[in-house]
2 protein chains.
Amino acid sequence: MGRVSQTETAVLGGLSVQPMTGYALREAIREVLGHFWSESFGQIYPTLAELERAGHVQRLGSGRTDASRFAITPSGTARLKQLLAQPVQPVRPRNGLLLRLFFGRQLGPAACRSLVQEAKAEAERALARYRTLRQELQEEQEHAEDRPYWLLTVAAGEHSARAAIDWADEALGALDELDRSRQRSHPPKERSTG
Amino acid sequence: MGRVSQTETAVLGGLSVQPMTGYALREAIREVLGHFWSESFGQIYPTLAELERAGHVQRLGSGRTDASRFAITPSGTARLKQLLAQPVQPVRPRNGLLLRLFFGRQLGPAACRSLVQEAKAEAERALARYRTLRQELQEEQEHAEDRPYWLLTVAAGEHSARAAIDWADEALGALDELDRSRQRSHPPKERSTG
DNA sequence: CCGGTCATGTAATCGGTTACATGATTCG
DNA sequence: CGAATCATGTAACCGATTACATGACCGG
């Protein structure tokens with residue numbers, strides 16, 4: 001019961017697309033699933049070993065030389081389907097940015113502003129990445145069956161990034177307003193302005 | 001260095017708003033920070049004990065009877081400001097829904113559809129919660145200084161929920177299209193339709 | 001030959017959850 | 001009085017990351 005590791009799903013899923021080495025698997029996860037998933041070597045290799053023992057994957061070529069790619073077996077495909085059908089495990093949210101903003105009074109509007117600006121810049125970078133990713137996927141010829149599903153996850157990233165940008169703009173406005181009203185009640189020392 | 005537990009931030013932050021028992025702290029975190037933060041008792045109580053040892057919080061009233069509320073001390077406030085100024089720790093994303101959708105080919109359009117629909121319903125519930133939360137915050141008289149910051153985090157929730165709903169609609173359309181094109185190439189057995 | 005990348009693995013550690021144990025208080 | 005809620009805490013466990021160790025291979 002407890003043993004419904006989502007790493008197993010990610011690994012089997014990756015190999016269901018094409019055979020790969022553990023290393024390549026991690027790269028693929030970083031590059032393509034990166035915006036909604038992550039795995040470390042410390043998870044991937046033991047999982048791969050376990051899956052091999054269970055007969056869900058097998059090595060093509062062996063040893064370090066002629067690096068051993070892993071391929072999914074029929075029982076592995078069955079296992080993957082079973083895992084995918086499991087209910088989605090609720091994520092425990094931990095958003096460090098919002099935690100800081102919630103207690104933003106202790107930081108003051110200026111520091112909050114730069115936090116939000118940083119978040120906005122990050123969301124813009126992410127949005128740009130999703131666009132090139134979408135482009136790449138649409139141009140690719142292989143994996144035609146998988147592509148529509150992959151595009152779904154890219155679209156999720158795009159929506160979420162755009163939402164982050166919109167929110168950031170709104171938040172920056174609110175913080176400016178807050179800063180102005182604070183300056184009205186606590187006017188700063190006079191400064192030469194011309 | 002390693003010891004920059006964000007739990008410490010959340011606990012000190014909570015007590016910076018008002019003195020509370022450990023239990024109340026957890027309730028407050030669930031109800032108000034729930035959409036971007038979570039803490040369990042197993043984290044809160046040890047952290048509270050540690051903070052007390054360090055002099056960052058102190059008990060008002062003691063023992064089990066006349067339940068001991070914790071209040072933040074001046075050194076605790078200083079510590080909180082220091083913690084809030086730390087760079088935001090990047091989150092390792094793990095979105096079970098998108099993981100399933102990415103390998104959606106193994107599940108088929110219908111199962112994916114119900115996953116997305118479930119996600120949409122959840123986002124709609126969340127959006128409704130944010131609206132009442134916003135209402136409650138705007139009506140409240142206390143904590144006037146904190147309120148603008150709190151509203152920022154609620155706005156983040158609203159934007160993100162709306163984005164999730166928009167994405168879900170788009171995804172449902174795409175999945176329907178996929179289903180139709182699949183039926184065209186694999187026509188189902190004839191069925192009486194009148 | 002050297003530095004970077006590809007590749008595989010393990011051990012220590014950690015942040016965090018779950019489950020359990022315990023008991024006070026409150027309200028119907 | 002009994003059930004629900006308030007309240008505090010601990011121990012076991014677990015998924016996951018980090019750091020470390022090792023070495024092949026390739027290009028300049």
Side-chain angles (χ1 to χ4, degrees), chain A residues 1-11 14-15 19-31 33-34 36-53 57 59-70 83 86 89-96 99, chain B residues 1-11 14-15 19-31 33-34 36-53 57 59-70 83 86 89-96 99:
Chain A
M1 302 290 130
R3 197 62 318 217
V4 199
S5 159
Q6 308 213 91
T7 296
E8 204 184 338
T9 314
V11 167
L15 297 182
M20 275 180 274
T21 66
Y23 188 90
L25 195 49
R26 203 258 192 138
E27 286 302 285
I29 290 175
R30 269 168 47 138
E31 276 164 34
L33 281 60
F36 64 86
W37 204 258
S38 77
E39 293 292 349
S40 63
F41 286 134
Q43 284 287 103
I44 288 177
Y45 285 115
T47 301
L48 236 21
E50 206 180 307
L51 286 171
E52 191 184 21
R53 238 179 294 126
V57 305
R59 284 171 205 263
L60 310 175
S62 57
R64 316 244 168 155
T65 337
D66 185 29
S68 57
R69 280 148 68 237
F70 288 87
L83 286 171
Q86 296 299 310
Q89 301 173 219
V91 234
R92 306 252 152 205
R94 295 214 123 199
N95 185 325
L99 184 69
Chain B
M1 304 285 135
R3 195 68 312 220
V4 199
S5 159
Q6 306 211 92
T7 297
E8 203 185 337
T9 314
V11 167
L15 297 181
M20 277 180 272
T21 66
Y23 188 89
L25 195 50
R26 202 259 191 136
E27 286 303 286
I29 289 174
R30 269 167 48 136
E31 276 164 35
L33 281 61
F36 64 85
W37 204 257
S38 77
E39 293 291 350
S40 62
F41 287 134
Q43 284 287 104
I44 288 176
Y45 285 116
T47 301
L48 236 20
E50 206 180 308
L51 286 171
E52 191 184 21
R53 237 178 296 127
V57 305
R59 282 171 206 264
L60 310 175
S62 59
R64 317 246 165 153
T65 338
D66 183 30
S68 57
R69 279 148 69 237
F70 289 87
L83 287 171
Q86 296 298 311
Q89 301 173 218
V91 235
R92 304 251 153 205
R94 293 216 124 199
N95 185 324
L99 185 69

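In the text below, chain A, chain B and the rest are named by the order of the sequence lines, each starting its count at 1.
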In whole angstroms, how far is the C1' atom of C:dT5 from the CZ atom of A:Arg26?
-> 13 Å
Can you check the A:Glu50 CD to C:dG9 P distance for me, whole Å?
-> 14 Å
Minimal heavy-atom distance between B:Leu48 and B:Gly22, with the atoms involved, is CD2-CA, 3.8 Å
Selection from D:dC6, D:dT10, C:dT10 that lies nearest to any side-chain heavy atom of B:Tyr45 = D:dT10
Is any side-chain nitrogen or oxygen of A:Thr21 closer than 4.0 Å to OP1 or OP2 of C:dA7?
-> yes
Heavy atoms of A:Pro19 and A:Leu60 approach each other most closely as CB-CD1, 3.9 Å
Whole-Å distance between D:dT18 P and B:Gln89 CD?
-> 11 Å
Residues B:Gln6 and B:Gln89: closest non-hydrogen pair is CG-OE1, 3.5 Å
What nucleotide, of D:dT8, C:dT10, C:dT5, holds the atom closest to the side chain of B:Ser68?
-> D:dT8
Grab the CG-C1' distance between B:Leu51 and D:dG9 for me, whole Å please.
-> 16 Å
To the nearest angstrom, the CD-C1' distance between B:Gln6 and C:dC14 comes to 14 Å
Heavy-atom closest pair, residues A:Tyr23 and A:Tyr45 = N-OH, 3.5 Å
Validate the cation-pi geometry between A:Arg59 and A:Phe70: distance from NZ or CZ to the six-membered ring centre under 6.0 Å, angle to the ring axis within 45°.
-> no
Every protein N/O lying under 3.5 Å from an N/O of nucleotides 17-20 of chain C:
residue: C:dT17; atom: OP2; partner: B:Ser40; partner atom: N; Å: 3.4
residue: C:dT17; atom: OP2; partner: B:Ser40; partner atom: OG; Å: 2.8

Listed by chain and number, what are the side chain to side chain contact (heavy atoms under 4.5 Å, CB included) partners of B:Ala24, not counting sequence neighbours?
-> B:Met20, B:Thr21
Just how far, in rounded Å, is P of C:dG4 from CD of A:Glu27?
-> 17 Å
What's the verdict on side-chain hydrogen bond (donor to acceptor under 3.5 Å, both in side chains) for B:Gln43 and B:Thr7, showing C-alpha distance, side-chain angles and the deciding distance?
-> CA-CA 7 Å; B:Gln43 284 287 104; B:Thr7 297; 3.0 Å; yes
When rounded to whole Å, the OH to P distance for the pair B:Tyr23 and C:dT26 reads 14 Å
Length of the CD1-P vector between B:Ile44 and D:dC6, whole Å = 14 Å
